[in-house]
Novice: 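Input: one structure, supplied below.
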Amino acid sequence: VAGMGDRVCVDLCSIMRPGEGLLVGSFARGLFLVHSECLESNYIASRPFRVNAGPVHAYVAVPGGKTCYLSELKTGKEVIVVDQKGQQRNAIVGRVKIETRPLILVEAKRESDDQTLHGILLQNAETVALVSSCQGNELQKEAIPVTSLEVGDGVLLRVQGGARHTGIEIAEFIVEN
C-alpha cells in the first residue's frame with residue numbers, strides 16, 4: 001500500500017475484450033499490461049471502454065514506438081491497445097478522468113533477470129487488474145486484480161530501452177529509481 005495519489009482513468013472510443021489493456025509503467029523501461037474494465041464485477045458494471053491506468057506520472061505506450069505521461073492524454077490522442085497474445089491496435093482517447101484514490105505499488109522482475117525491478121503504482125481496488133502471462137501456448141485467466149496479486153504471479157510486461165526524451169527512446173546514460 002502506497003498512500004493516496006491522483007490516478008488516471010482512460011476512456012477509449014473503442015471496446016476492449018478480455019485480455020486487452022494499455023501498456024503503463026512508472027518507468028519507460030518496463031510497461032505493465034493493465035487490463036481494461038471489461039470483465040464483470042460485483043463492484044461496478046462492466047466498462048469495456050475504460051482502463052484504470054495508473055497515476056498521473058506514469059508512462060503509457062502510444063503509436064510510433066513512443067510513450068507519453070498519462071497526465072498528457074486528452075480527447076483525440078491515440079494510444080496502443082494490446083492483448084494477452086501481444087497483438088496491438090491503435091485506439092482514440094475519448095476522455096481522461098483524474099481522481100484522488102488509494103494506490104498500491106506493484107513490482108516485478110523477469111525470470112531471466114534477478115537484478116532489474118520494474119514498478120507501477122495502481123489504484124488499490126478489486127476492479128484494477130494486470131493481464132496474466134501465458135503458460136506455453138495456453139492462455140491462463142485474463143487478469144489478476146491488484147488486490148489478489150501474490151508473489152510469483154505471472155503478469156505481462158513489455159521490457160524496452162530505459163532512456164526516453166519527450167517519449168522517444170534515446171541512447172543515453174540514465175538512472176531512475
Side-chain angles (χ1 to χ4, degrees), residues 2 4-41 43-104 106 118-132 142-143 145-146 155-170 172 174 176:
M4 301 295 283
D6 295 336
R7 70 91 173 103
V8 180
C9 274
V10 181
D11 292 348
L12 301 179
C13 296
S14 299
I15 299 295
M16 289 173 278
R17 296 174 295 281
E20 287 188 315
L22 299 178
L23 291 166
V24 182
S26 290
F27 306 100
R29 67 178 175 257
L31 302 177
F32 291 77
L33 186 49
V34 181
H35 202 275
S36 71
E37 291 188 3
C38 68
L39 301 176
E40 292 300 320
S41 165
Y43 303 98
I44 60 168
S46 171
R47 294 183 175 108
F49 54 84
R50 174 173 290 168
V51 177
N52 188 330
V56 292
H57 79 276
Y59 290 108
V60 61
V62 297
K66 297 180 180 181
T67 59
C68 75
Y69 294 114
L70 284 173
S71 59
E72 293 175 338
L73 290 180
K74 60 185 178 184
T75 300
K77 187 156 177 95
E78 282 190 313
V79 292
I80 298 172
V81 173
V82 180
D83 73 10
Q84 195 174 28
K85 296 178 183 176
Q87 296 173 331
Q88 58 185 44
R89 60 187 168 94
N90 294 351
I92 297 169
V93 174
R95 175 175 78 148
V96 175
K97 186 168 74 163
I98 300 173
E99 298 169 309
T100 303
R101 295 289 186 264
L103 302 176
I104 186 170
V106 177
H118 301 280
I120 185 172
L121 287 155
L122 293 164
Q123 182 179 338
N124 191 3
E126 297 81 3
T127 56
V128 180
L130 294 174
V131 176
S132 304
E142 288 94 5
V146 296
V155 297
L156 293 180
L157 177 73
R158 176 189 278 178
V159 177
Q160 52 192 21
R164 298 241 161 200
H165 179 68
T166 63
I168 302 168
E169 187 173 336
I170 57 172
E172 177 179 90
I174 185 169
E176 290 180 303

Novice: Using distance only, find each side-chain donor-acceptor pair of residues 72-81 under 3.5 Å and give its atom names and separation, not counting sequence neighbours.
Specialist:
residue	atom	partner	partner atom	Å
Glu72	OE1	Tyr69	N	3.2
Thr75	OG1	Gly94	O	3.0

Novice: Is any side-chain heavy atom of Arg101 closer than 4.5 Å to a side-chain heavy atom of Asn52?
Specialist: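 No, every pair of side-chain atoms sits at 4.5 Å or beyond.
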
Novice: Between Ile92 and Ser14, is a side-chain contact (heavy atoms from CB on, under 4.5 Å) present by the stated rule, with each step listed?
Specialist: CA-CA 7 Å; Ile92 297 169; Ser14 299; over 6 Å; no

Novice: Say you draw a straight line from CZ of Arg7 to CG of Leu121; how long is it, rounded to the nearest 0.5 Å?
Specialist: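 One finds 13.5 Å between CZ of Arg7 and CG of Leu121.
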
Novice: Please determine whether side-chain contact (heavy atoms from CB on, under 4.5 Å) holds for the pair Val82 and Val131, giving the CA-CA distance in whole Å, both sets of side-chain angles, and the decisive distance to 0.1 Å.
Specialist: CA-CA 10 Å; Val82 180; Val131 176; over 6 Å; no

Novice: Any side-chain heavy atom of Arg47 within less than 4.5 Å of one from Thr127?
Specialist: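 No. Closest side-chain heavy atoms not under 4.5 Å.
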
Novice: Are the side chains of Val60 and Leu23 in touch, meaning some heavy atoms are under 4.5 Å apart?
Specialist: no

Novice: Check Met4 against Thr100 and note the closest heavy-atom contact, atom names and distance.
Specialist: CE-CG2, 3.9 Å

Novice: What's the shortest heavy-atom distance between Phe32 and Val106, and which atoms?
Specialist: CZ-O, 4.2 Å

Novice: To the nearest 0.5 Å, how far apart are CG in Leu157 and CG in Leu33?
Specialist: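 That separation rounds to 9.5 Å.
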
Novice: Out of the candidates Gln160, His118, Arg158, only one should pair with Arg29 under the side-chain contact (heavy atoms from CB on, under 4.5 Å) rule; please name it.
Specialist: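 So the option named by the test is His118.
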
Novice: Any side-chain heavy atom of Leu156 within less than 4.5 Å of one from Gln84?
Specialist: yes

Novice: Among residues at least two apart in sequence or on other chains, which ones pass salt bridge (charged side-chain N to carboxylate O under 4.0 Å, His left out) with Asp11?
Specialist: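 By the salt bridge (charged side-chain N to carboxylate O under 4.0 Å, His left out) rule, Asp11 matches Arg50, Arg95.
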
Novice: Report yes if the side chains of Ser26 and His57 come closer than 4.5 Å at any heavy-atom pair, otherwise no.
Specialist: yes

Novice: Take Leu70 and Val56, measure what side-chain contact (heavy atoms from CB on, under 4.5 Å) needs, and give me the verdict at the end.
Specialist: CA-CA 5 Å; Leu70 284 173; Val56 292; 5.8 Å; no

Novice: Using 4.0 Å as the upper bound for N to carboxylate O, is an ion pair formed by Arg89 and Glu20?
Specialist: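 The answer is yes: the pair qualifies as a salt bridge.
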
Novice: Locate the shortest heavy-atom distance separating Pro55 from Leu103; write the atom from each residue and the value.
Specialist: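 Shortest heavy-atom contact: CB-CD1, 4.5 Å.
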
Novice: Please test Arg17 against Asp83 for side-chain contact (heavy atoms from CB on, under 4.5 Å), starting from the C-alpha separation and ending with a verdict.
Specialist: CA-CA 8 Å; Arg17 296 174 295 281; Asp83 73 10; 5.8 Å; no

Novice: Do His35 side-chain atoms and Gly19 backbone N/O form a donor-acceptor pair below 3.5 Å?
Specialist: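 Between the backbone of Gly19 and the side chain of His35 there is a qualifying donor-acceptor contact (under 3.5 Å).
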
Novice: Do Ile120 and Val34 come within less than 4.5 Å of each other through their side chains, counting heavy atoms only?
Specialist: yes

Novice: Any non-hydrogen side-chain atom of Val24 less than 4.5 Å from a side-chain atom of Val51?
Specialist: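 Not touching, per the 4.5 Å side-chain cut-off.
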
Novice: Minimum heavy-atom separation for Pro18 and Cys38, please, with both atom names.
Specialist: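 The pair with the smallest heavy-atom distance is N-SG, 3.5 Å.
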
Novice: Any side-chain heavy-atom pair from Leu12 and Val10 closer than 4.5 angstrom?
Specialist: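 Sidechains of Val10 and Leu12: in contact.
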
